[in-house]
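Residue numbers start from 1 in every chain, and the chains themselves are labelled A, B, ... in the order their sequence lines are given, proteins ahead of strands.
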Number of protein chains: 2
Amino acid sequence: MKRVSLKDIAKLVGASPSTVSFILNGKASQMRISDELKNKVLATAKKMGYQPNQVAVSLRTGQTKILGLLVEDISNNFFASLAKTIEEEAEEFGYKVVYSSTENNSKKGVELLRMLTQRQVDGYLITPTVGMEEDIEMLARHKKPLVLMDRYFPGIEAPYVQVDNKGAVEKGMEHLVEKGYKKIAFITIESPMIQMRQREEAYLDAIAKSSAQKKKLILKVNYSGGRETAIEQITDFLKKQQPDAVFFATNYLGILGLESIRAISLSIPKDLAVVCFDDNDIFRLHLPGITVLQQPVEAIARTAIHILMQQLGNSKVPVKKNQVQLAANLIVRQST
Amino acid sequence: MKRVSLKDIAKLVGASPSTVSFILNGKASQMRISDELKNKVLATAKKMGYQPNQVAVSLRTGQTKILGLLVEDISNNFFASLAKTIEEEAEEFGYKVVYSSTENNSKKGVELLRMLTQRQVDGYLITPTVGMEEDIEMLARHKKPLVLMDRYFPGIEAPYVQVDNKGAVEKGMEHLVEKGYKKIAFITIESPMIQMRQREEAYLDAIAKSSAQKKKLILKVNYSGGRETAIEQITDFLKKQQPDAVFFATNYLGILGLESIRAISLSIPKDLAVVCFDDNDIFRLHLPGITVLQQPVEAIARTAIHILMQQLGNSKVPVKKNQVQLAANLIVRQST
DNA sequence: TCCTATGGCTAAAACGTTTTAGGTCAGTGT
DNA sequence: ACACTGACCTAAAACGTTTTAGCCATAGGA
């Protein structure tokens, strides 16, 4: 039982493939095809269960209607939510999404990018990683439809959408200072990527501005050794520095942090206040609830797609800006 | 700056496209192409940055090297983890993955399935939903490479991989009974899908076998009204029935459950023991930790891909069985 | 000298569409 | 009788590959 092709239909009704193509693409009247033939074709197409071969269409039209999505880790809540909304939005415009996790591995990221190019995706949605700078620049130079998310490369002129990292950390730090914490630590990872730089910078600014706290307390967790060693680093740091509040720079650090805090039996918020970047069921359900800076994930995804669609010429309303920062939302819970 | 095609290279080196194709596909010696020409072609291909147009290759060969993955909700931890491993495994075999969330909406699921067919995916990985029975049967009848995951349709002869639901619930119930709980409730959703039927059945069996508990206590949450009303249903049920232990049939029910339990200020495990299907960071980090039946997510994904690859003729070692149930893992924490 | 084998390559069809540039025929006006 | 118009339809090229079936030299053997 082979698939029915457009030619098969043509043969069946005794018309040419061109005519059938016009009819099936709704150009019948434009091409002045008689209603009689039109209906006949439509009827047989339906009866035979005709489905156009999208691969052939793509080859001919040069459009695949596929977007490539590269995220750091699809199983991380933040990226999964991002992916979900992106897929939903893309569907609205008739696009499908191919996704891949880069695992923050530059080599893999670059390979995936190449693969997407081979697959002729119409546009790229990327959370870039360290080694991808050159390839991204290539894409930008070749004017490929492209949006970066969550981070970007300062040297490269490409559209991006991210949360306002500085504003977010600022908001969080202000909240902690207001609550009277005087020894606020910042736990982050060693990363040259802009979003982490922005978060750290905002912490340093907040300390510089503060009258109550003079000393910065930063831990850069080395995650390469796995969960266990990461938790060790955090517990060591907490034991040694004894902060009265700690700000985790990402959701997975927050989770590791909570495990670490539990491991050394500190009580939140009595011994230690906690604020974390990114919301997550875990932080909401934790006892006590963890104060977070919630990223506007859906808005980020939506904005990204709209910027991309504009580049693809699919948008009704032109987007004004294509380098966007969206405000985070401080959700105060019992941890502070 | 246009993409370089195989023809371009052919013209440049003064050979025919066929020859270039043979060389680039490593069939040079087989086709007795001289080393001289071979090296020249390889060099120019590299210099020009040639990347084969995968769309054209697909049209010609009939293989897209793309798998279609349909899950219920990609932002749910279980499905996201599944997706991640599937993608990793698929990559090993040179396949990419297109994913979509069905949202448990049969109409959407069916549409997505059609779309995947149009896109000529080489194989399907599906967590089917209620309305998809006919379409799945179609695929199976047309001998399309296909694996169902997490659930299946008893009437349809198609490969599937799922956790051993009955065994898992049985294990969980035994654990609760051993611990001396005598009024164990089971909170599930109203769903005709097999995996939920199996879980419920196992609960009923356990009660039937039990000497301590005669009465079944089942709540079927109606999730259509959103989070709030779902929590209301659970709190009402808990207040009215006053069970001493509760078994949540899915991870999102577990999360809703924890919120409900908190809302009515019950203490775990003093007032109420909790067991949940599916593990998750939340259950591990919750205070107290929640006892769970962890699904072997990676194994499920891996098995599914292997079964699919076998159908696609890519597997070294033939898979023996293509309807597989994998055992769950009881992780006892402080909630019981 | 002719025949055959072999080495080195290529022509052309095919995959399933879309689209450009017509083609044919009947009727109308002059 | 002839050109023109309009209605209806189609031929053929093109997208970028892969693959089958062979072509053309040259060398070696009879």
Side-chain angles (χ1 to χ4, degrees), chain A residues 2-42 44-45 48-66 94 115 117-122, chain B residues 2-42 44-45 48-66 94 115 117-122:
Chain A
K2 260 197 61 221
R3 274 179 70 105
V4 220
S5 78
L6 187 142
K7 275 187 197 166
D8 297 335
I9 296 184
K11 213 168 287 173
L12 258 169
V13 305
S16 77
S18 349
T19 310
V20 175
S21 170
F22 288 131
I23 293 174
L24 293 177
N25 288 303
K27 298 190 184 149
S29 65
Q30 200 186 124
M31 287 288 133
R32 326 181 241 196
I33 313 280
S34 65
D35 279 5
E36 194 195 334
L37 183 52
K38 178 176 127 187
N39 293 329
K40 195 162 152 201
V41 166
L42 255 22
T44 27
M48 314 273 301
Y50 171 71
Q51 308 238 131
N53 180 328
Q54 189 57 44
V55 171
V57 174
S58 294
L59 180 59
R60 173 63 232 234
T61 62
Q63 291 214 348
T64 52
K65 291 281 176 177
I66 295 184
M115 204 161 237
T117 312
Q118 287 194 8
R119 288 266 149 79
Q120 313 282 117
V121 297
D122 289 344
Chain B
K2 259 197 61 222
R3 274 180 71 105
V4 221
S5 79
L6 187 144
K7 274 187 197 167
D8 298 335
I9 296 185
K11 212 168 285 172
L12 258 169
V13 304
S16 78
S18 348
T19 311
V20 176
S21 170
F22 288 132
I23 294 175
L24 294 177
N25 288 305
K27 299 191 183 147
S29 65
Q30 199 186 125
M31 287 288 132
R32 325 180 244 195
I33 312 280
S34 65
D35 279 5
E36 193 196 337
L37 183 54
K38 178 176 128 185
N39 293 329
K40 195 160 150 202
V41 166
L42 254 24
T44 28
M48 314 273 301
Y50 172 70
Q51 310 237 129
N53 181 328
Q54 189 56 45
V55 172
V57 174
S58 294
L59 180 59
R60 174 62 230 233
T61 62
Q63 289 214 349
T64 53
K65 293 279 176 179
I66 295 184
M115 204 162 237
T117 311
Q118 287 194 8
R119 287 268 150 77
Q120 312 281 120
V121 297
D122 289 345

| remark: Between CG of Leu24(A) and C1' of dT19(C) the distance, given in whole Å, is 15 Å

| What is the distance from CD1 of Ile23(A) to P of dC9(D), rounded to the nearest Å? | 8 Å

| request: Report yes or no: is there a donor-acceptor pair, N or O only, under 3.5 Å between the side chain of Ser34(A) and the base of dA7(D)? | output: no

| said: Working note: Val57(B) + Gln118(A), criterion side-chain contact (heavy atoms from CB on, under 4.5 Å); need CA distance, chi angles, decisive distance, verdict. | reply: CA-CA 10 Å; Val57(B) 174; Gln118(A) 287 194 8; over 6 Å; no

| query | For Pro17(B), does its backbone N or O pair with a side-chain atom of Ser21(B) as donor and acceptor, under 3.5 Å? | reply | no

| Reckon Ser5(B) touches a base, only the sugar-phosphate, or nothing at all at heavy-atom distances under 4.0 Å? | sugar-phosphate

| note | Checking dG16(C), dT20(C), dT20(D) against the side chain of Leu59(B) (C-beta onward), the nearest is dG16(C)

| Arg32(B) has a side chain; which of dC9(C), dT17(C), dT6(C) sits nearest to it? | dT6(C)

| remark: Gln118(A) atom CD is separated from dG16(D) atom P, nearest whole Å, by 15 Å

| Sub-3.5 Å donor-acceptor pair from the side chain of Thr44(B) to the main-chain atoms of Ile9(B), do we have one? | no

| query | Considering only side-chain heavy atoms of Phe22(B), which listed nucleotide, dC9(D), dG16(C), dT10(C), is closest? | reply | dT10(C)

| 5' precedence on DNA chain C between Ala15(B) and Pro17(A) (nearest-nucleotide basis) | Ala15(B)

| said: What's Ser18(A) touching, base or sugar-phosphate or nothing? Going by heavy atoms closer than 4.0 Å. | reply: base

| remark: Atom CD of Gln30(B) and atom P of dG7(C) are separated, to the nearest Å, by 14 Å

| Would you say dG8(C) has OP1 or OP2 under 4.0 Å from some side-chain N or O of Lys38(B)? | no

| Distance in angstrom units between Asn25(A) CG and dT19(C) P, rounded | 7 Å

| task | Starting at atom CD of Gln51(B), determine the distance to atom P of dG16(D), rounded to an integer number of angstrom. | result | 15 Å

| remark: Between the NZ atom in Lys27(A) and the OG atom in Ser18(A), the distance rounded to the nearest 0.5 Å is 12.0 Å

| said: Measure CG/Asn53(A) against P/dC15(C) and give the value in whole Å, please. | reply: 11 Å

| Nearest-nucleotide 5' precedence on DNA chain C, Gly14(B) against Val57(A) | Gly14(B)

| request: Return no unless some side-chain N or O of Tyr50(A) is found under 4.0 Å from OP1 or OP2 of dG16(C). | output: no

| query | Which whole-number value in Å describes the distance from Met31(B) CE to dG22(D) C1'? | reply | 12 Å

| said: So does Gln51(A) get a backbone contact from the side chain of Arg3(A), meaning a donor-acceptor N/O pair under 3.5 Å? | reply: yes

